[in-house]
Amino acid sequence: MQKNKNNKYSIEFFHIYSDEDISKRHINSLNHLKTLMQSWSFPFELIILIDNYNPTKHTLNVDKVFEYIKKQEINVNFWAYEKDMITNADLLLQSINDNKLVKGYKNYITKNNKYPCSLLTAAWYLTRLGYIDSNFVIKSLNKHVNFEPSSRLFNILPDDYRVIEGKAKDIIGKSVFFEAKDKIQNFYYSADNSRPEDLF
């Protein structure tokens, strides 16, 4: 059951890794957001996920990221670290109805000592929608405003994420939170350079 739903849409953009600098890949995301915003008449909140789980080094200055975006006249409301999704990924695994799928993910985690992107992505979406408790892993840029789950998600992503996104939706569809699958919509933009990922 979805908890504490508000009527604002949660819009994710500018997905960035903790070993990256701001590049054309991220600027394309920002420009895509600006274009889409011109046609939106609904209330929304902007959120960024910073991947500090997959990189082996962490050079990103988070404050400078928000400074840069603010200079583009875009105000980010919330953000989170991908590494903080691990607890919720475990909770999601417990909710999946497909035993073969659960076994596959558990074997992957045991073999690689790592959680796959698709599982963390699915947990991230369910957290933003309020099906899994945010446990304060989603941080606010305004100390006077606390995160509340949204009624629907829009995700602005580079087009090389399509495989991961498809698997994340498949996980959700085979869990007790299956209804959440229809509350997630992705907008893809062309990425000039592809970041190699394990697409499981």
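Since we're looking at a predicted model, the values are computed, not measured.
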Heavy-atom donor-acceptor pair, N77 side chain to E45 backbone, under 3.5 Å: no
Is there a donor-acceptor contact under 3.5 Å linking the side chains of N107 and Y105? no
Keeping the roles fixed (side chain from S140, backbone from V145), state whether a donor-acceptor pair exists under 3.5 Å. yes
I138 and F136: same hydrophobic cluster, using ILVMFWY side-chain contacts below 4.5 Å? no
Are V76 and I27 grouped together when hydrophobic residues (ILVMFWY) are joined by side-chain heavy atoms under 4.5 angstrom apart? yes
Check step by step if side-chain contact (heavy atoms from CB on, under 4.5 Å) holds for L92 and F177. CA-CA 9 Å; L92 172 55; F177 311 117; 4.2 Å; yes
Are side-chain heavy atoms of M85 and W124 found at a separation under 4.5 Å? yes
Donor-acceptor check, side chain of N88 to backbone of D133, threshold 3.5 angstrom: yes or no? yes
Side-chain (D170) to main-chain (G166) donor-acceptor, under 3.5 angstrom: no
Heavy-atom distance under 4.5 Å between the side chains of Y17 and E82, does that happen here? no
Check: I86 and Y53 side chains under 4.5 Å, non-hydrogen atoms: yes
Carboxylate-amine/guanidinium contact D63 K70, below 4.0 Å: no
Donor on one side chain, acceptor on other, K114 and N54, under 3.5 Å: yes
Got a second to check how far K71's NZ is from E67's CD, nearest 0.5 Å? 6.0 Å
How many angstroms lie between CD1 in I171 and OH in Y125, if you round to the nearest 0.5 Å? 11.0 Å
What I'd like to find out is whether the side chain of I74 reaches to under 4.5 Å of the side chain of F13, using heavy atoms alone. yes
When hydrophobic residues are tied together by side-chain contacts of less than 4.5 Å, even through go-betweens, does I47 share a cluster with F187? no
Mark yes or no for whether S118, through its side chain, and I164, through its backbone, hold a donor-acceptor pair below 3.5 Å. no
Just by modelled atom types, is the L129 backbone N or O under 3.5 Å from a matching donor or acceptor in the S150 side chain? no
Pick out which of H58, K83, K57 makes a side chain to side chain donor-acceptor pair (under 3.5 Å) with S18. H58
Distance from I16 atom CD1 to D21 atom CG, nearest 0.5 Å? 7.5 Å
Residue E73 excluded, over 12 heavy atoms near CD under 6.0 Å: no
Ignoring hydrogens and geometry beyond distance, is a side-chain donor-acceptor pair present between S151 and N7 at under 3.5 Å? no
In terms of hydrophobic clustering (I, L, V, M, F, W, Y; side-chain heavy atoms under 4.5 Å; direct or indirect links), are I11 and F147 co-clustered? no
Rounded distance [0.5 Å steps], CZ in F14 versus CD1 in I50: 9.5 Å
Okay, side chain of R128, backbone of L153: is any donor-acceptor separation there less than 3.5 Å? no
What do the steps show when you test Y161 against N155 for side-chain hydrogen bond (donor to acceptor under 3.5 Å, both in side chains), and what is the final call? CA-CA 11 Å; Y161 282 18; N155 306 302; over 6 Å; no
Atom CG of N142: over 12 foreign heavy atoms under 6.0 Å: yes
Suppose the criterion is salt bridge (Lys or Arg N to Asp or Glu O under 4.0 Å): which pairs have a residue in residues 95-107, not counting sequence neighbours? D98-K174
Check the pair Y9, W40 against ring pair (Phe, Tyr, Trp, His ring centres under 6.0 Å), reporting the backbone distance first and the verdict last. CA-CA 11 Å; Y9 285 36; W40 289 342; 8.2 Å; no
Run the numbers on D182 and R152 for salt bridge (charged side-chain N to carboxylate O under 4.0 Å, His left out), then give the verdict. CA-CA 9 Å; D182 295 328; R152 189 171 180 84; over 6 Å; no
Correct closest heavy-atom pair for V65 and L60 would be CG2-CD1, 3.7 Å
Minimum side-chain heavy-atom gap I184-I172 below 4.5 Å: yes
Pick out which of I156, T35, D159, N31 makes a side-chain contact (heavy atoms from CB on, under 4.5 Å) with Y189. I156
Would a 4.5 Å heavy-atom cut-off, applied to side chains only, mark N75 and L46 as touching? no
Passes ring pair (Phe, Tyr, Trp, His ring centres under 6.0 Å), F154 versus F42? Steps please. CA-CA 12 Å; F154 284 173; F42 52 82; 5.6 Å; yes
Take a 6.0 Å sphere around NZ of K64 and say whether it holds more than 12 heavy atoms from other residues, nucleotides or ligands. no
Answer yes or no: is there a side-chain heavy-atom contact under 4.5 Å between F78 and L49? no
Check step by step if side-chain contact (heavy atoms from CB on, under 4.5 Å) holds for H26 and Y68. CA-CA 11 Å; H26 309 107; Y68 172 81; over 6 Å; no
Under 3.5 Å side-chain donor-acceptor pair for K183 and Y131: yes
Which pair of non-hydrogen atoms, one from E12 and one from H15, has the smallest distance, and what is that distance? OE2-ND1, 3.6 Å
For the hydrophobic clusters of this structure (ILVMFWY residues joined by side-chain heavy atoms under 4.5 Å, transitively), does one cluster hold both L93 and V137? yes
Roughly how far, to the nearest 0.5 Å, is CG of L126 from OG of S95? 7.0 Å
Do T56 and D19 come within less than 4.5 Å of each other through their side chains, counting heavy atoms only? no
Test: E20 and R25 ion pair at under 4.0 Å: no
Checking H32 against S29: is there a side-chain donor and acceptor pair closer than 3.5 Å? no
Going from CD1 on I96 to CG on L91, what distance comes out if it is rounded to the nearest 0.5 angstrom? 11.5 Å
